[in-house]
Structures are given as C-alpha cells and as structure tokens.
Enquirer: 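Take a look at the following structure, please.
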There are 2 protein chains.
Amino acid sequence: MNMKDFLLGKPLKNSDIKDQKLSRGWGLPLMASDAVSSVAYAGEEILLVLVPVIGLGAFHFVPWITLAIILLLLILIFSYSQIIDHYPNGGGAYIVSSENLGKYPALLAAASLVVDYIMTVAVSVSSASDAIVAAFPGTAPAKVWIAIVFVLLITFGNLRGIRESARLFGTPTYIFIGCLGLLIIVGFVRVLTGTIHPVAYTQQMTQSLSTSMAGLSIALILRAFASGCSALTGVEAVSNSIPNFKEPSQRNAKHILFMLGGVIVFLFGGSTLLELKLRVIPVSGGTILSQLGTAVFGNSILFYILQLFTAIILILAANTAYNGLPLLLYILAHDGYVPRQFAHRGTKLSFSNGIMFICIAAVLLILVFQAKTTNLIPLYSVGVFISFTLSQYGMFRKWHKTRDKGWQYKMWINGVGAVLTLIGVGVEVSTKFTQGAYMIVIAIPVLMLLMVYVQKHYSKVGSELKLNRFHPYYDQATAHSTQVIVLMQSVNKSLLKSLNYANSISDDVTVLHICRHPEHAAQLREEWNRLDIPVKLEIVLTPYQDIIAPLDKYICKREAALKHGETLSVIIIKFVSEHWYDAVLHNQTTYFLERVLSRHKNVSSIILPFHYNPESTKVKAATRDEETPGEKG
Amino acid sequence: MNMKDFLLGKPLKNSDIKDQKLSRGWGLPLMASDAVSSVAYAGEEILLVLVPVIGLGAFHFVPWITLAIILLLLILIFSYSQIIDHYPNGGGAYIVSSENLGKYPALLAAASLVVDYIMTVAVSVSSASDAIVAAFPGTAPAKVWIAIVFVLLITFGNLRGIRESARLFGTPTYIFIGCLGLLIIVGFVRVLTGTIHPVAYTQQMTQSLSTSMAGLSIALILRAFASGCSALTGVEAVSNSIPNFKEPSQRNAKHILFMLGGVIVFLFGGSTLLELKLRVIPVSGGTILSQLGTAVFGNSILFYILQLFTAIILILAANTAYNGLPLLLYILAHDGYVPRQFAHRGTKLSFSNGIMFICIAAVLLILVFQAKTTNLIPLYSVGVFISFTLSQYGMFRKWHKTRDKGWQYKMWINGVGAVLTLIGVGVEVSTKFTQGAYMIVIAIPVLMLLMVYVQKHYSKVGSELKLNRFHPYYDQATAHSTQVIVLMQSVNKSLLKSLNYANSISDDVTVLHICRHPEHAAQLREEWNRLDIPVKLEIVLTPYQDIIAPLDKYICKREAALKHGETLSVIIIKFVSEHWYDAVLHNQTTYFLERVLSRHKNVSSIILPFHYNPESTKVKAATRDEETPGEKG
C-alpha cells in the first residue's frame with residue numbers, strides 16, 4: 001500500500017461511479033452549505049449598510065429589502081429549475097449562455113463563476129478563522145495558517161471522493177439548519193407568548209446612531225439590497241452539479257433546488273423577521289446571529305451549539321465550490337477552454353485536478369490577502385451576479401426564440417430577473433470598485449483571454465495531429481534507419497551495456513564524450529583503445545564548465561547531415577539506485593539532457609537504466625510482480 | 001543570452017581559474033570578515049557573563065581573560081601556519097585529523113566544521129537583521145525575510161565567482177577595520193591627553209549591579225573565557241582555503257594568516273583595553289562598541305560610519321563560510337564522503353553546489369529559529385572548537401611521530417593549544433547544553449553517519465561499475481536485439497512517426513494501449529484496422545483510473561519472456577510545444593512513465609519528440625545553431 005492509497009483510500013473502479021453520486025438526502029446539505037452560510041450574515045450585511053447612516057430608521061426599510069431579495073430568490077429558483085430541465089449535463093450559466101448568447105458571453109459566465117467559486121473558498125475559510133481567532137485570541141498570529149489548514153482539510157476530504165465528502169461535510173450543515181430553524185421557531189413562540197422583549201442596548205451603544213433620515217437615498221437602499229443579495233450566492237451551484245446526483249439526476253437536482261429555496265426563504269425570512277421584532281442592531285463584539293441566539297436561548301447549551309456550528313458552516317461553505325467548480329472545469333476542458341487535465345478523474349473518481357486547482361488558487365488568495373475577510377469581501381459575489389444576469393438573459397432569449405408553451409410569461413420572469421441581477425452587478429461593482437472589485441474587473445477578462453488562447457492552441461494542435469488521407473505520414477517505402485550516439489562519462493560497465501544495446505538497433509554507432517579538461521581526453525582515448533571495440537569515439541573539447549551547449553552544437557551538426565528517413569538516437573545512461581534517496585548521490589542530468597535533445601525534431605533520447613546492484617533489484621521486481629495482481633485487480 | 005548568463009555574467013573558461021585566485025590584498029579581508037566581526041562582540045560577551053554576577057568586579061578579570069584568549073590565538077596562528085606548511089591543498093582540521101588521527105576523528109572535524117560554517121552564516125545574518133530592526137523598528141515583522149534576503153545576496157555574489165565577490169565583500173571589511181582601528185588610536189590619544197573620562201552611567205543603571213564577589217567561581221571565569229573565545233572563530237578559514245589564493249598559495253596563505261592574527265590582536269586587545277579605561281558596561285539599548293564610539297567620536301559622522309559598517313561586517317562574516325565550506329566540501333567529495341556534485345565547479349568556476357548548499361541550509365536554519373540570534377548563539381562555535389582541538393591534537397601527534405627539528409617545542413605548543421581548546425569545547429557544551437547545544441551534539445554524529453553511508457555507497461558502486469578482465473560485459477557473440485513497444489493514446493500523426501522509428505530499430509513491434517473504458521477499445525481497434533499497418537495492437541483493459549500499474553504488469557510479463565541478449569524498448573511520444581508555457585496544456589506523464597520503466601533492468605525508454613509545429617521549430621533550431629558558435633566559443 002503506497003502513500004497515496006493510504007491517504008485517499010482504495011482506488012475505485014470506473015464502474016463504481018454510480019455509487020459516487022449524491023442522493024437527495026446528501027445532495028441538499030452539500031449544495032446548501034454556501035447558501036445557508038450566507039444567510040448567517042446576509043441580514044447583518046443589510047443593517048451594516050443602513051444603520052450607520054439612518055440609525056434605527058433602518059427598520060423601516062429592512063422588511064421591503066428582504067422581500068425584494070426573497071422575490072429575486074424565487075425568480076432565480078424558477079429560472080434555474082428551467083435550466084436544469086433544459087440543460088441536464090450541468091454547467092449552468094456557462095451552458096445557457098453558450099447556447100443562447102454565443103461564445104464570449106459564455107466565457108464571461110465561465111470566468112465569473114471560476115472567480116466567484118474561488119472567492120467563496122477564500123472568504124469562507126477566512127471568516128471561519130476570524131471566528132476561531134475571536135474565540136481564542138492567542139491564535140491571532142497563526143490566522144493565515146489556520147485558514148490554509150481549513151482549505152487543505154476540505155481539499156483532502158474532496159479528494160477522497162464525493163460520497164465520503166458528502167457524509168463528512170453534509171452532517172454539520174444539517175445540524176446548523178436545525179439549530180437556526182429552532183432559533184426562529186422558539187423565537188416566534190416566545191414573541192407570541194410575550195416572554196421575550198427587544199434587546200436592550202446601553203445608551204452608549206445607541207446614542208452614537210444617527211436618527212435623522214438625512215442620509216437616505218436610492219443609492220443607499222440599492223447598496224443595502226446588493227449587500228443582502230449575498231444570501232443568494234450558492235443557488236447556482238445546483239445547476240452546475242447535475243451530473244453529481246443519482247439518477248434520475250434532473251429530477252433530483254430540481255427537488256434539491258426547491259428544497260434549498262424553501263430552506264433559504266425560511267431561514268433568511270425568519271431570522272430577518274425575528275431581528276426586526278427584537279430590534280437587533282449590529283454592535284461590535286457580537287454578530288446579529290449571536291445576539292439573536294443570546295436573546296432566544298439565553299446562556300443555554302443550545303446557544304453554544306449554534307455558535308459552534310455557525311463557525312463550522314462557514315468552513316463548509318467552501319465545500320460548495322468543490323462540488324461545482326470541478327464539474328464546470330470538466331465541461332470547459334471538454335470544450336477545450338481549459339487544460340485537458342481538468343477532464344480526468346483521479347483514482348477515487350473525483351475530478352482531482354479541479355480540486356487541486358481550487359486548493360492552490362484559494363491558498364494563494366489567502367496568502368496574498370493575509371486571510372483578511374474585509375479585504376476579500378469586496379471581491380466576492382460580483383462574479384456570481386454576472387453569472388446570474390447572463391443565465392437570466394440567456395433564458396429570456398431562449399423563450400423568445402423557442403416560443404414554447406407559456407413563453408411570454410416565462411420571458412417576463414427571466415427578464416425581470418435579468419434586470420434585478422444586473423442592478424446587483426452594477427451596485428456591487430460601483431460601490432466596491434476602489435475597495436478591490438477592480439481586481440475582479442481585471443481578472444475576469446484576463447481569464448477569458450486565457451480560455452480563448454487555450455482553445456486556439458488545442459484546435460491548432462488537433463488539426464496538426466489529424467491524419468491526412470492524401471499525405472500518409474507512415475511510409476514503409478523509405479528505408480528508415482537511425483544513427484546512434486552513446487553519451488559517455490567514463491569507461492565502465494554501464495558504457496558496455498549501452499554499446500550492446502546500440503549495436504542491437506543500428507549499424508552506425510558513435511561514442512561521444514564532452515571533455516572539459518584536455519589532459520583527460522588523452523587518458524580516456526587510451527582506455528578506450530585498450531578495450532578494442534569496433535566503434536568510433538568522438539571527443540568534443542570545451543573550455544567551459546557547461547556541457548549542454550557543445551552537445552547541442554554537435555547534435556545540430558549531425559542532424560543537418562541526416563538523409564531522408566534517417567534519425568538520430570542518443571543513448572543516455574541512467575544510474576538507478578537501490579534506494580530512492582541514493583539518487584542524490586549521482587548526477588541528475590538525465591532529464592536535463594533529454595529536454596535539450598527533444599528540441600530537435602529528428603532526435604530521440606533513449607534512457608537506458610543501469611542498476612548498480614542488479615541482483616537485489618531483480619528479486620525486488622519479481623516480488624512486486626507477484627503482489628501486483630492481488631493488490632490492483 | 002539566457003537568464004543564467006544575465007544573472008551570473010559571462011561563463012568563464014576552465015583556463016581562467018588562475019585569474020579567479022585571491023591576491024593577498026583581497027584574501028585578507030575575505031578571510032578576516034568572520035574573525036573581525038566576532039571582535040565586534042567578543043569583549044561584550046565576556047562582560048555579559050561576568051557583570052550580572054560580580055558587577056564592576058568584572059574589570060579585575062577582563063584583562064587576564066583577554067590575555068589568555070590572545071595567547072590561545074597566538075598558539076592557533078602558530079599551529080595553523082604549520083598546517084599550511086604541511087598540508088598545502090587546504091582542508092585544515094579535516095586533513096590534519098585524517099592524516100594523523102584516522103578516519104573517524106577526521107569525519108568529526110569535517111562534520112563540526114560543516115555545522116559551524118552554516119551556523120556562522122545563520123548567526124551573522126540574524127544579528128545583522130537585529131541591527132536593522134533596532135535602527136528601524138517598523139521592519140520588525142519582516143525580520144526573518146530581511147535575514148533571508150541577506151543570505152540570498154551573499155549567495156548570489158559568491159555564485160558570480162571568487163574574484164568578483166572579493167571586491168564586493170572585501171572593501172567594507174577594510175573600512176570596518178579602519179574605523180575600529182581609528183577608534184582605538186583616537187581613544188588612546190584622548191586617554192593619554194586626558195580629554196576623555198570613564199562613561200558616566202545613571203545611578204539607575206549601575207545600582208542594579210551586584211558588587212559582591214559572592215558569585216565568583218572558576219566555572220564563571222571559564223564561561224567568560226569560552227564566551228570571549230568567539231573572537232577566535234574564523235582563524236581556521238585560511239587553512240581551509242589555501243587553493244583559493246594566488247600562487248605561491250602557501251606563502252600567501254601564511255602571510256594572510258599572520259596579518260589576520262595581527263589585526264585580531266590589535267582590534268581585540270585594543271578595544272578591550274579601551275573598554276577597561278572607560279569602564280564601559282553592557283546596558284540595554286547600546287552595544288559596548290557603540291558606547292565606545294559615542295565616548296570617543298562623540299556625535300560626529302565617524303560614529304555613524306562605525307555603526308553602519310558594524311552592521312555590514314556582521315553580514316559579511318557570513319561570507320567567510322562561502323569561501324571555506326565549498327572548498328571543504330570539494331575535498332570531502334573527492335574522498336567520497338559527500339555527494340560528488342560538490343566537486344564540480346559552476347560556469348563561473350566557483351563551487352556552485354557547495355554555495356547553494358550553504359544558502360539552503362542557512363535559510364532553513366533561519367526559518368526554523370525565526371532569525372532569533374539568542375536561540376542560534378548557543379549552537380555556534382561548539383563546532384569550531386572541536387575542529388580546533390582536533391587540529392591541535394593532530395599536530396601534536398604529528399610532531400611526536402616525525403620528530404622534525406624542534407619537535408618537542410612544537411609539540412608543547414600544540415599540546416597546550418589542544419588542552420585549552422578542549423576546555424573551550426567542554427565549557428561551551430556544558431553551559432549551553434540545554435539552551436540548544438544538545439542539537440549540535442546530535443547533529444554532528446548524524447552528519448558523520450551520513451558521510452560514512454555516502455562513502456560506502458560510492459565504494460560499492462565503484463566496484464560494481466569496474467570492468468573485470470575475466471568477465472567481459474560487452475559481447476559481440478550474443479545476437480542482441482530489442483523488442484519495441486509503442487505506447488499509444490490515440491491514432492494520430494505522432495503514432496505514425498513512432499511506428500516509422502520503431503520499424504527502423506526492430507522487427508518485433510507492438511502497439512500498446514491501456515484502456516479505461518471498454519467502449520473506447522472497440523472504436524480504437526476499428527480506427528487501427530482502417531490504417532492497415534502490419535503491426536500488432538494490444539489493448540490492456542483496466543477498471544481503474546491509474547494506468548501505471550497495468551503498464552508495469554504488462555512490462556513485467558514481457559520482460560520475463562525475454563531470451564538472453566534481448567531487451568525491451570518502450571517508445572514514449574513526447575509532445576513538444578512551440579512555447580514553454582504551452583506545456584501545461586498537455587499531459588506531463590513522460591518522465592513519470594520513464595521512471596517506472598527504468599525500474600526494469602532490461603527495459604529502456606525511448607522518448608520520441610513530436611513537434612506539433614515542425615516548420616516554425618525548424619527555423620528556430622537553425623537560428624540557434626548559427627548563434628551558438630559566436631556566443632559560446
């Protein structure tokens with residue numbers, strides 16, 4: 001059992017893929033973690049915009065803003081359920097845009113989603129490590145490392161396969177939903193029975209609040225709306241992940257989407273209403289949610305469970321990206337817009353390259369921004385709103401074109417959705433532009449350009465490799481032959497092994513030695529002559545330490561002299577040690593030489609292993625051979 | 001011009017080595033930087049041991065301790081000048097021990113020196129970054145990075161070659177010696193003319209000092225002696241570096257050693273005397289040297305120059321290691337105790353691998369100890385005292401054995417030296433054991449064991465490779481032949497290129513495809529049949545994602561069926577892109593496959609490049625070809 005198997009568990013067969021799909025029961029929490037975690041702070045985000053400007057007057061506007069957000073949520077749920085119906089292979093906004101709006105809008109959607117998924121990971125683990133630092137101030141200097149450890153843990157869980165990660169990451173999400181649901185229900189029961197009253201703040205806390213409505217403006221309301229819209233992020237993940245669900249995957253995806261919608265409406269609506277009833281305002285040293293918790297649960301164990309799972313759900317929000325992004329990258333790889341490696345599954349049948357990509361990108365972001373949530377937040381949710389807008393507009397165009405049953409009515413819904421989410425994009429970008437959103441405005445087009453470049457490269461390579469009927473590449477007519485060059489360092493057994501091999505593949509063999517010290521050359525030639533082998537030895541003298549340049553020059557000369565059908569083969573002796581750690585004791589020039597040689601079109605490199613202890617190695621190989629079938633199949 | 005040439009400058013010819021040697025004028029400052037920099041704090045070290053215990057009573061003992069250290073210095077200078085006479089190829093304590101005391105004492109000396117050289121680098125740059133942080137407190141969080149940047153700068157300077165680094169690093173050393181010399185001379189002139197008086201400390205500063213002699217003990221005096229002995233480190237560097245000096249290198253080395261001795265006696269003795277006259281005591285917020293500077297120079301520009309160059313000399317002390325250690329590693333590599341790569345010179349004819357080794361090891365130490373000088377100091381100078389003791393004892397044995405003219409008298413000197421330095425080792429280890437010196441006590445034997453392991457490996461390999469007259473490895477009698485296996489991913493032009501090549505080297509060619517999806521297998525076979533090529537196709541089905549294990553299994557089977565003289569050759573098609581950055585768009589499995597195949601004794605890997613854009617590459621190769629002669633010789 002090697003290291004990889006130990007860490008990731010036994011490899012899975014390709015046919016096991018169906019067992020790796022998500023049931024409705026586990027699909028819901030995996031898809032919900034991002035959306036539900038944003039509920040934990042969306043209400044607060046609205047108040048944070050309004051309260052500093054219009055004080056307690058905020059409570060006049062919160063219900064309307066919440067209502068507008070819930071309306072938008074319903075539109076999005078409707079829209080994405082249509083997308084699931086029509087685009088069963090996943091990909092969400094990218095596929096919708098690519099079919100209805102064309103290549104560049106599709107790439108815009110793809111780039112936005114890629115950026116946003118990665119931001120989701122960075123933001124959630126950073127705020128989770130904020131929570132840890134708040135609880136244990138001593139850990140403050142290690143904050144960045146805590147965030148990185150979280151990313152690594154989630155990455156590791158996902159590499160072990162979808163099903164295992166579902167159990168690992170799904171259970172805490174359910175517990176959090178349960179806690180928050182209980183908070184809302186108990187809260188309202190206590191409100192109705194009159195056993196609970198608005199939170200009493202000290203005068204010091206409230207007197208600083210402005211109570212004039214002077215600062216009120218449409219821009220302020222729009223900003224509060226856009227901030228609250230963070231509750232909507234995560235809705236798109238379901239439509240990106242359809243192929244991850246058990247069959248019938250479309251039906252299951254839709255059910256999960258509807259359940260998710262219900263959960264968000266209940267949690268977001270309920271907690272906002274409760275917050276209004278209890279007149280909770282943001283104060284330093286306690287989030288809105290923790291204030292609600294204290295008010296409703298008092299100092300009971302339930303309060304601490306709520307706090308604990310709020311922290312955990314912030315970590316798990318990152319997990320949504322691990323479900324959606326690798327699938328999106330797979331689809332993009334299939335269309336040739338990202339490196340092909342993203343289309344491969346790992347030993348556990350997860351898209352391991354996509355998962356690793358998220359991990360590396362998120363860790364870099366965390367390092368660059370030093371895990372500071374306030375710096376990361378402005379970069380967050382711009383991307384998801386762009387993708388919302390594009391998918392709404394795409395569906396709008398689709399209805400207009402296909403004119404299915406009830407198209408006018410569907411077109412209206414998606415049209416309104418497109419306008420509302422476009423407002424979201426505009427407000428997000430304009431209000432947060434100087435705080436960092438400009439980076440997103442740069443990053444998305446750069447990503448798009450990269451995708452276009454990658455696609456061009458693949459199509460060029462594809463046409464280059466394609467077999468042409470009229471110009472057969474394989475030709476038996478030409479007399480093919482190769483001239484062999486054996487690279488020699490000194491006269492020893494390994495040289496003789498390579499000469500045996502060289503003679504077996506060609507009649508034209510040269511031994512080449514690149515020599516730095518002229519005095520060695522004579523000695524070497526003498527040793528060579530003593531062997532009395534009918535092969536010619538060429539010694540190239542160089543006054544420098546570098547042997548690559550003279551080798552390259554020699555190869556160029558030999559290559560230029562080749563006739564049609566002839567090639568050069570360079571034998572590089574590779575010293576294979578008994579233990580892997582012995583390798584550092586020998587020159588590691590094999591691959592370096594190979595890389596230089598492979599720049600020449602007609603030159604191939606033959607890497608000939610020389611085992612310095614052939615007896616013991618043979619025994620080992622045999623043992624390995626017998627183990628293999630039992631172990632691997 | 002490539003990146004490497006740009007950074008390091010034009011490559012040098014091997015014959016340029018003589019121009020890279022150090023003259024006396026540049027050799028002195030390069031050898032002196034470590035020794036002179038320790039003078040900057042050796043006096044302080046003595047006071048730091050004595051003053052907290054016996055207060056101003058310390059001034060009674062300082063002169064005697066200083067005298068003892070200067071005596072020991074003279075013994076060491078005498079001893080090392082004898083070593084230079086008798087061992088002209090450098091290597092100092094290692095060579096002396098290996099010749100007079102045997103293998104294990106020699107390895108003990110070598111390991112001690114390796115550890116100490118690296119500690120020198122870590123300690124000096126850490127204390128240099130202390131100085132920076134003291135001057136600019138805002139830089140405190142970046143302290144570790146400042147230290148690492150210093151290491152990288154010195155490494156870079158040394159990679160550019162000895163001569164260039166001599167000028168770069170030698171000038172500041174001269175300026176520092178000049179400043180300190182001026183301080184001593186001006187100080188004594190002012191003492192004699194009565195224009196200077198003992199430093200006046202506030203009562204607060206002095207009243208905390210104990211004035212009783214209750215704490216006085218032999219152990220205390222020995223500890224003060226051992227601390228002050230740090231002034232002696234760096235003396236051994238000259239004898240390790242003899243081949244770095246211009247011819248006559250022995251004569252030059254001895255002159256440099258004597259000059260170095262003179263400089264140390266003058267600076268260490270002078271500054272200690274001045275310190276006694278002015279009754280300077282260590283207080284927080286000012287080193288002894290800076291207090292002397294203020295007292296003598298006042299607030300003039302000279303004071304600031306002294307301070308600046310004290311900081312610079314601390315960085316440059318690290319440079320001594322860059323001169324001594326690569327040469328020591330070269331000698332050890334020659335004897336087979338460390339990897340052979342340390343014996344190679346780089347393009348600038350410096351021992352670039354040794355230089356890189358120092359850099360990496362020092363950076364690791366700095367990271368682990370977070371550049372905290374107080375944590376590193378206890379690990380420092382144990383190693384050098386072990387090497388002092390061994391070289392003294394080695395010379396003692398040598399005189400005893402050879403009985404040259406005046407042997408009794410020389411034997412006495414080296415015997416006393418050995419005893420004194422052994423006391424140094426004992427005091428260093430025992431007083432600092434729990435503070436970290438135990439790590440040295442572990443590290444040195446571990447290094448020795450590694451050296452023994454490396455040497456065993458090389459001697460085993462050497463005997464394995466050696467040609468045996470009675471058992472010729474090369475045999476023309478056997479009919480050698482190879483069976484070719486072409487690894488195929490899909491049917492395209494690159495496959496045909498490799499088939500052409502395969503046919504040119506063998507009559508027995510198989511195309512192998514490892515297939516994960518059975519449905520692809522049929523399709524592939526059909527495509528293959530349509531090509532109508534008389535080569536057999538084998539498809540190995542695997543239920544897993546991993547293709548390495550089934551390939552390995554297949555190769556094992558084929559290898560087992562080989563007859564005497566037959567080998568297997570596996571052709572791996574390598575996709576060569578136009579731009580290096582395009583490489584990420586293609587699977588990077590070439591070397592991975594090669595590594596697995598080379599575990600098989602009778603299997604060679606043929607890496608066949610396929611250039612997807614042969615026309616443009618051909619043009620490039622031609623251009624490169626024409627440039628090469630002009631550029632490289």
Side-chain angles (χ1 to χ4, degrees), chain A residues 11 13-15 339 341 345-347 454 457 461 464-465 467 473-474 480-482 492-494 496-497 499-501 503-505 516 533 543-546 549 553 556 567 574 576 582 584-585 587 591 594 598-601 604-609 611-614 617-618 621 625 628 632-633, chain B residues 11 13-15 339 341 345-347 454 457 461 464-465 467 473-474 480-482 492-494 496-497 499-501 503-505 516 533 543-546 549 553 556 567 574 576 582 584-585 587 591 594 598-601 604-609 611-614 617-618 621 625 628 632-633:
Chain A
K13 294 190 180 178
N14 290 322
S15 53
Q341 287 92 324
R345 288 176 189 271
T347 54
V454 169
H457 176 85
V461 171
E464 192 69 46
L465 277 173
L467 292 178
Y473 213 91
Y474 177 80
H480 289 286
S481 70
T482 192
N492 59 34
K493 275 191 195 167
S494 68
L496 298 190
K497 179 178 177 183
L499 284 175
N500 281 334
Y501 180 84
N503 284 332
S504 77
I505 65 168
R516 292 181 186 125
I533 291 177
Y544 295 99
Q545 285 288 318
D546 173 35
K553 205 173 139 190
C556 281
T567 58
K574 182 186 174 185
V576 179
D582 286 338
V584 298
L585 302 178
N587 272 323
Y591 299 130
E594 189 282 325
S598 70
R599 291 204 300 244
H600 299 267
K601 192 176 147 232
S604 54
S605 308
I606 301 181
I607 298 177
L608 195 88
H611 293 244
Y612 85 81
N613 208 344
T617 318
K618 206 193 272 166
D625 191 25
T628 314
K632 296 274 180 178
Chain B
K13 293 191 183 181
N14 290 321
S15 52
Q341 288 91 324
R345 288 177 188 270
T347 54
V454 169
H457 176 86
V461 172
E464 192 68 45
L465 276 172
L467 291 178
Y473 213 91
Y474 177 79
H480 289 285
S481 70
T482 193
N492 59 35
K493 276 191 195 166
S494 68
L496 299 190
K497 179 177 179 184
L499 284 175
N500 281 333
Y501 181 83
N503 284 332
S504 77
I505 65 169
R516 293 179 186 127
I533 292 177
Y544 296 99
Q545 286 287 317
D546 173 37
K553 207 175 137 189
C556 281
T567 57
K574 181 186 175 187
V576 180
D582 286 337
V584 298
L585 301 177
N587 271 324
Y591 299 130
E594 189 283 324
S598 71
R599 290 203 301 242
H600 299 267
K601 192 179 146 226
S604 54
S605 309
I606 302 181
I607 298 177
L608 194 88
H611 293 244
Y612 84 83
N613 208 343
T617 320
K618 205 193 273 165
D625 190 26
T628 314
K632 297 276 180 177

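Each chain gets a letter, A, B and so on, in the order the sequences are listed, and its residues count up from 1.
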Enquirer: Can you tell me how far apart OG1 (A:Thr482) and CD1 (B:Ile606) are? Round to the nearest 0.5 Å.
Expert: 8.5 Å
Enquirer: Would you check if B:Glu594 and A:Glu594 make a side-chain contact, meaning some heavy-atom pair closer than 4.5 Å?
Expert: no
Enquirer: Considering only heavy atoms, which portion of A:Ser481 lies under 4.5 Å from any heavy atom of chain B: side chain, backbone, both, or neither?
Expert: backbone
Enquirer: Is there a donor-acceptor contact under 3.5 Å linking the side chains of A:Tyr501 and B:Ser604?
Expert: yes
Enquirer: Minimum heavy-atom separation for A:Pro609 to B:Ser598, with atom names?
Expert: CB-O, 3.5 Å
Enquirer: Which atom names give the shortest non-hydrogen contact between B:Lys497 and A:Lys601, and what distance separates them?
Expert: NZ-O, 2.8 Å
Enquirer: Any idea which heavy atoms bring B:Arg599 and A:His611 closest together, and the distance?
Expert: O-CE1, 3.1 Å
